[in-house]
Amino acid sequence: MAKFELFSGRGAFVVAAVGVCSWFSGRLTERTLLELRLPEFQDREKRHFPKTPGLPIFGTVSAATIVPTDEYNPRFVQTLNRTTELFFQIMKYGFPGLDHVRSFDDFVLSYDRRTRIAHWVFEHLTAERLKYNDKVDRSLCDFTEDTSVHSYFRAKNVDYKGSGFDRGHLAAAGNHRVAQEHCDQTFYLTNIAPQVGVGFNRNSWNRLEKHVRKLTKIYSNVYVCTGPLFLPKKERDGKNYVKYQVIGSNNVAVPTHFFKVVVMETNDGKLHMEAYVMPNEPIDDNTPLTVFQVPPDSIERHAGLLFFDRISRDKLVLVNGRKTTYV
DNA sequence: TTTGATGT
């Protein structure tokens, strides 16, 4: 399994001791040096960070670099091979957050040690990659502990057993049909969160996942970010509290809600977005999915994440089916 | 169809 981590500090320094894990150390031997900077990102750098020194990453050498930054500013200069190319293909529109980022063959996630579930999971879907593949068999997959997470913070199968909750996929197994290993990897418990089974995971949430897959019939590229939310609720005393159940001896957090933010690329270079929040509870099957659409920034504020940070706002013309005011 | 848990 591949992974990397970055550390950043607001307004002052990024002291980056780049944790070079299997992903880097394994891949950097090929030495095809390439700067990974998208044009939009470069523009942003010119505006906000005219004199920032780079963050060179050469092999296993760690770099400590002072980078003035007001906002999220990951700088990647690194070697490229097919795996890293895929990684940045999935992450084309930026990182929602940088906490314990882990890269799998066909999706990328950020893991929250405190809740024992992911902050977010990113996927890139195309019609081609979703095609039926008789070489991939979901029934051969097993839910598996992710040993790349320290045992203190790792969710185990026994935590879910008898809890009454499904082990719900964040990156859906049905989205990863190119290879059996891709499907297998969606069963790592880092990609799993406790979900209400009947009425949610097996019904309305599944409906939403199918809807997202269908978008690939209209759009050539679909980018999906999925994750948990822990939303405050007013209690009897009139004050707001965030309250959530935990399950198992590892106290795996049961999210109050789940979000899904989707960006679709049109053939003429425009971007459409849809953003959903669904409560982790039984939902009537007849509820239209549009009922769960919300402004993307409301998810960002609650989740502490910034989606599609690298998106050029003038290309984003449609959000939840409505014309945007960005233009 | 895809999403799962549970019991033998």
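Side-chain atoms are counted along with the backbone in the values below, which use heavy atoms only and exclude waters and symmetry mates. In the text below, chain A, chain B and the rest are named by the order of the sequence lines, each starting its count at 1.
Put simply, CG on N157(A) is 9 Å from P on dA5(B), counting in whole angstrom units. Rounded to whole Å, atom C1' of dT3(B) lies 16 Å from atom CZ of F165(A). At whole-Å resolution of the value, CG in N206(A) and P in dT3(B) are 6 Å apart. Between the P atom of dT3(B) and the CG atom of N203(A) lies a distance of 13 Å, rounded to the nearest Å. Here dT2(B) presents its P atom at 12 Å from CG of N133(A), a figure rounded to the nearest Å. Summarising the geometry, the separation between CZ on F258(A) and P on dT3(B) is reported as 15 Å, rounded to the nearest angstrom. Rounded to whole Å, atom C1' of dT2(B) lies 13 Å from atom CD of Q195(A). Look at CG on D285(A): it is 17 Å from P on dT2(B), rounded to the nearest Å.
Not counting sequence neighbours, the partners of Y219(A) by the ring pair (Phe, Tyr, Trp, His ring centres under 6.0 Å) test are H272(A).
Within the 4.0 angstrom heavy-atom criterion, no nucleotide atom of any strand lies near G197(A). Within 4.0 Å of G168(A), counting heavy atoms only, lie sugar-phosphate atoms of the nucleic acid but no base atom. Residue contacts for R207(A): at a heavy-atom cut-off of 4.0 Å it reaches no nucleic acid atom on any strand shown.
Nearest-nucleotide mapping onto DNA chain B: of Y132(A) and Y160(A), the residue sitting toward the 5' end is Y132(A).
Checked against dA5(B), dT3(B), dT1(B), the side chain of K210(A) finds its nearest nucleotide in dT1(B).
Judged by distance alone, with hydrogens and angles left aside, the side-chain atoms of S110(A) form a donor-acceptor pair with the main-chain N or O of D99(A) at under 3.5 Å. Checking side-chain atoms of D159(A) against main-chain N and O of N250(A) turns up a donor-acceptor pair under 3.5 Å.
Contact of N201(A) with dT3(B) (side chain to base): no donor-acceptor pair of N or O atoms is detected under 3.5 Å.
Residue R177(A) has no polar side-chain atom (N or O) positioned under 4.0 Å from OP1 or OP2 of dT1(B). The side chain of R167(A) places an N or O atom within less than 4.0 Å of a non-bridging phosphate oxygen (OP1 or OP2) of dA5(B).
Between H169(A) and E209(A), the side chains place no donor N or O within less than 3.5 Å of an acceptor N or O (distance only, hydrogens not considered).
Residues K92(A) and E265(A) are paired through a salt bridge, judged by an N-O separation under 4.0 Å between the basic side chain and the carboxylate.
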